[in-house]
Amino acid sequence: MVQLVRITDDNLADDIYKEVTAAGVDFFSSDKQYLWAITFRGKIVGLVSLYNLSRTSADLGYWIKKTARRQGYAKQAVAQVVFLAAHDLGLQTIHAVVRRDNLASISIIRANDFELSLKMGAYCEYVLKLASKKSWKVIFPAFSD
């Protein structure tokens, strides 16, 4: 099972920072966010974040290294973040915007109970209402801060 490690500016390894930014992913510009490294057996396999945080909602973003894709890491990480959002952060809604042609990402989002909310050209917005998730009896491994 993957584990999430909270990232602060001073503990993000230079190599993962370079790889993520080279892929055109911008995880680092938002002040109002939670950012975690997705780790498996002690190695970083990706990143996941909740950003554009408000009192009741946030947007979800995630990225997996090319060499670690299609192994279930993103699905597990999103499930853990949804659990944290509902239980620890008290959020009510999570939004995710996904390219319509990114079938792997759509599969991850749908597997975590997000529902299609809006189609916008090449993108679709998915929404997850967390009220029903507060009763989950799921236990995840310890999260590191």
Side-chain angles (χ1 to χ4, degrees), residues 1-41 43-136 138 140 143-145:
M1 179 172 274
V2 300
Q3 290 189 319
L4 302 183
V5 178
R6 181 83 188 274
I7 292 177
T8 59
D9 291 338
D10 57 346
N11 75 348
L12 182 61
D14 286 341
D15 60 334
I16 194 79
Y17 179 85
K18 289 176 185 172
E19 190 173 348
V20 170
T21 53
V25 180
D26 185 11
F27 278 101
F28 311 106
S29 64
S30 178
D31 289 337
K32 293 184 176 183
Q33 76 170 337
Y34 287 92
L35 179 62
W36 296 271
I38 303 167
T39 65
F40 182 73
R41 295 185 180 161
K43 302 219 186 259
I44 295 174
V45 296
L47 300 173
V48 62
S49 72
L50 290 173
Y51 62 99
N52 291 336
L53 285 161
S54 75
R55 202 171 57 88
T56 60
S57 70
D59 294 334
L60 172 73
Y62 53 89
W63 172 85
I64 302 293
K65 286 183 167 190
K66 283 186 180 182
T67 57
R69 291 180 183 161
R70 300 199 180 278
Q71 296 179 50
Y73 301 137
K75 181 179 172 183
Q76 290 177 44
V78 169
Q80 290 182 26
V81 167
V82 165
F83 183 86
L84 286 170
H87 290 275
D88 294 353
L89 303 177
L91 298 179
Q92 297 172 8
T93 309
I94 301 176
H95 302 266
V97 176
V98 180
R99 285 190 59 86
R100 291 173 107 171
D101 61 354
N102 189 342
L103 300 180
S105 193
I106 291 170
S107 175
I108 292 162
I109 292 296
R110 285 188 162 169
N112 281 286
D113 298 327
F114 283 73
E115 294 183 6
L116 180 62
S117 170
L118 179 65
K119 293 180 180 181
M120 312 168 289
Y123 294 88
C124 291
E125 179 184 43
Y126 289 83
V127 175
L128 177 61
K129 302 288 184 186
L130 294 172
S132 64
K133 302 300 176 193
K134 292 195 184 233
S135 63
W136 281 351
V138 179
F140 290 109
F143 294 97
S144 300
D145 273 340

Please report the closest heavy-atom contact between [X] and [Y], naming both atoms and the distance.
X	Y	value
F114	A96	CE2-CB, 4.1 Å
D113	L128	O-CD1, 3.3 Å
Q80	L4	OE1-CG, 3.4 Å
A77	I38	CB-CD1, 3.6 Å
A37	L47	CA-CD2, 3.9 Å
I108	N112	O-ND2, 3.0 Å

Rounded distance (nearest 0.5 Å) linking atom [atom1] of [X] with atom [atom2] of [Y]:
X	Y	atom1	atom2	value
E115	K129	CD	NZ	9.5 Å
W36	S49	CH2	OG	8.0 Å
Q76	Y73	CD	OH	8.5 Å
K75	R70	NZ	CZ	13.5 Å

Take R110 and Y126 through the test side chain to side chain contact (heavy atoms under 4.5 Å, CB included) and record every step on the way to the result.
-> CA-CA 9 Å; R110 285 188 162 169; Y126 289 83; 4.0 Å; yes

Should L130 and Q92 be marked as a side chain to side chain contact (heavy atoms under 4.5 Å, CB included) after you check the CA-CA gap, both sets of side-chain angles, and the distance that decides it?
-> CA-CA 5 Å; L130 294 172; Q92 297 172 8; 5.5 Å; no

Going through the distances and angles, do V48 and L60 end up as a side chain to side chain contact (heavy atoms under 4.5 Å, CB included)?
-> CA-CA 7 Å; V48 62; L60 172 73; 3.9 Å; yes

Looking only at atom types and distance, does a side-chain atom of [X] sit under 3.5 Å from a main-chain N or O of [Y], one as donor and one as acceptor?
X	Y	answer
R69	I64	yes
Y51	L35	no
T93	S57	no

pair L91-T56: side-chain heavy atoms closer than 4.5 Å =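 Counting from C-beta outward, L91 and T56 never come under 4.5 Å.
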
Going by heavy atoms in the side chains, are S105 and Y62 under 4.5 Å from each other?
->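 In short, these two side chains touch, coming nearer than 4.5 Å.
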
Stepwise side chain to side chain contact (heavy atoms under 4.5 Å, CB included) check, Q71 with V45 | CA-CA 10 Å; Q71 296 179 50; V45 296; over 6 Å; no

Has R99 got more than 12 heavy atoms of other residues, nucleotides or ligands less than 6.0 Å from its CZ?
->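 Atom CZ in R99 is packed in, count exceeds 12.
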
